[in-house]
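Step one of this worksheet: look at the structure below.
Remember, predicted model here, so these are calculated numbers, not experimental data. In listed order, ligands and their atoms are each counted from 1.
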Amino acid sequence: MPLPQTDTKKAGAPVQDTRPLSSCQISSPRSSEAASPMAVKVYVVYYSMYGHVAKLADEIKKGATSVEGVEAKIWQVPETLPEEVLGKMGAPPKLDAPIITPQELAEADGILFGFPTRFGMMAAQMKAFFDATGGLWREQSLAGKPAGIFFSTGTQGGGQETTALTTVTQLTHHGMVFVPVGYTFGAKLFDMDKVQGGSPYGAGTFAADGSRWPSEMELEHAFHQGQYFASIAKKLKGSA
Ligand SMILES: Cc1cc2nc3c(=O)[nH]c(=O)nc-3n(C[C@H](O)[C@H](O)[C@H](O)COP(=O)(O)O)c2cc1C
């Protein structure tokens with residue numbers, strides 16, 4: 001069944017970061033423009049084909065910026081599929097969040113990564129982005145930085161936990177500090193009356209065949225994760 005067009009906004013063609021690893025340490029002037037020097041910088045870095053993860057990313061950003069002294073910014077990772085394939089998959093145009101380069105990760109005090117699952121693991125677009133962070137890995141530029149994850153799956157049992165768990169390897173090799181959301185959201189995670197995505201690993205949603213959108217509770221969980229994560233990033237930066 002073809003996945004439907006979403007309520008996403010227009011944007012230009014997907015951009016692919018084809019720069020070699022050797023360019024990963026070159027600093028970019030564009031992302032530091034607006035940030036105040038004392039602020040705790042939280043980056044929300046996502047890949048979303050149909051818009052579900054993008055919706056969670058918006059709430060996560062809102063939650064992060066609700067913490068005093070925290071600035072949050074949303075980024076997308078580069079698309080790796082050709083337009084023709086995306087068209088056949090029914091993917092809508094990308095949202096207009098800027099495309100991040102690997103070296104820009106190093107500017108953040110904390111990073112939340114979001115992606116849909118593919119066969120129970122992160123989508124290849126996010127994996128390709130991680131594979132392009134070899135320069136950062138060599139220098140261990142991300143070591144000690146807090147990292148969180150959020151995700152979307154088609155089905156219950158389709159990868160809400162395996163997608164999160166298999167992502168921990170990426171964070172581990174970078175020496176990042178995985179900050180799960182735990183059960184800090186409270187009793188709502190125990191509500192069995194409705195279908196709900198998300199887990200102690202992070203916020204999540206179920207897209208079903210593409211027609212289901214994040215529920216109110218899933219969006220609240222995403223907001224909470226952003227807020228909780230930002231408070232931890234702030235504490236870690238303050239104690240550095
Ligand atoms: C190639 C492919 C593999 C997928 N594999 C899974 C899977 O293993 N488990 C699952 O629950 N959903 C799977 N899905 C559904 C996606 O996870 C779903 O489209 C996604 O969560 C929607 O998020 P997005 O709108 O942010 O792209 C797959 C989708 C595609 C296209």
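Between H173 and W137, the distance from one ring center to the other does not fall under 6.0 angstrom. Outside the 6.0 Å centre-distance limit, the rings of F113 and Y47 are not counted as a close aromatic pair.
Of all atoms in ligand 1, numbered sequentially from 1 with element shown, those under 4.0 Å from a heavy atom of H52 are 22 (C), 23 (O), 24 (P), 25 (O), 26 (O). Below 4.0 Å from some heavy atom of M49 lie the following atoms of ligand 1, by number and element: 24 (P), 26 (O), 27 (O). Remark: ligand 1 atoms within the under-4.0 Å shell around heavy atoms of G120 are 7 (C), 8 (O). Close contacts between ligand 1 and S152 involve ligand atoms 17 (O), 20 (C), 21 (O), 22 (C), 23 (O) [criterion: under 4.0 Å to a heavy atom]. In the vicinity of T117, heavy-atom distances shorter than 4.0 Å reach the ligand 1 atoms 4 (C), 5 (N), 6 (C), 7 (C), 9 (N), 10 (C), 11 (O), 12 (N), 13 (C), 14 (N), 16 (C), 17 (O), 28 (C). Ligand-side atoms of ligand 1 in range of S48: 24 (P), 25 (O), 26 (O), 27 (O), range being under 4.0 angstrom from any heavy atom.
By the criterion of a heavy-atom distance under 4.0 Å, the side chain of A207, and not its backbone, is placed next to ligand 1.
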Trace of the side chain to side chain contact (heavy atoms under 4.5 Å, CB included) decision for E218 with K188: CA-CA 10 Å; E218 289 164 351; K188 285 183 182 174; over 6 Å; no
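At a 3.5 angstrom cut-off on N or O pairs, P116 does not count as close to ligand 1. Considering backbone and side-chain N/O of G51, one or more are found under 3.5 Å from N/O of ligand 1. Here's the thing with V53: one of its N/O atoms is less than 3.5 angstrom from an N/O atom of ligand 1.
Between F185 and H224, the two ring planes are tilted [angle within 30° to 60°]. Ring geometry for H52 against W213 counts as parallel: the plane angle stays under 30°, on a 0 to 90° scale with 60° as the upper cut.
Proximity of a side-chain donor or acceptor of Q160 to a complementary backbone N or O of T205 within less than 3.5 Å is detected.
Considering only heavy atoms from C-beta on, Q225 comes within 4.5 Å of F150 through its side chain.
Ligand 1 has at least one atom lying under 4.0 Å from a heavy atom of M89.
The residue among F151, Y46, Y50 with a heavy atom at the shortest distance from atom 19 (O) of ligand 1 is Y50.
Comment: K62 does not engage D58 in a salt bridge, judged by the lack of any side-chain N to carboxylate O separation of less than 4.0 angstrom.
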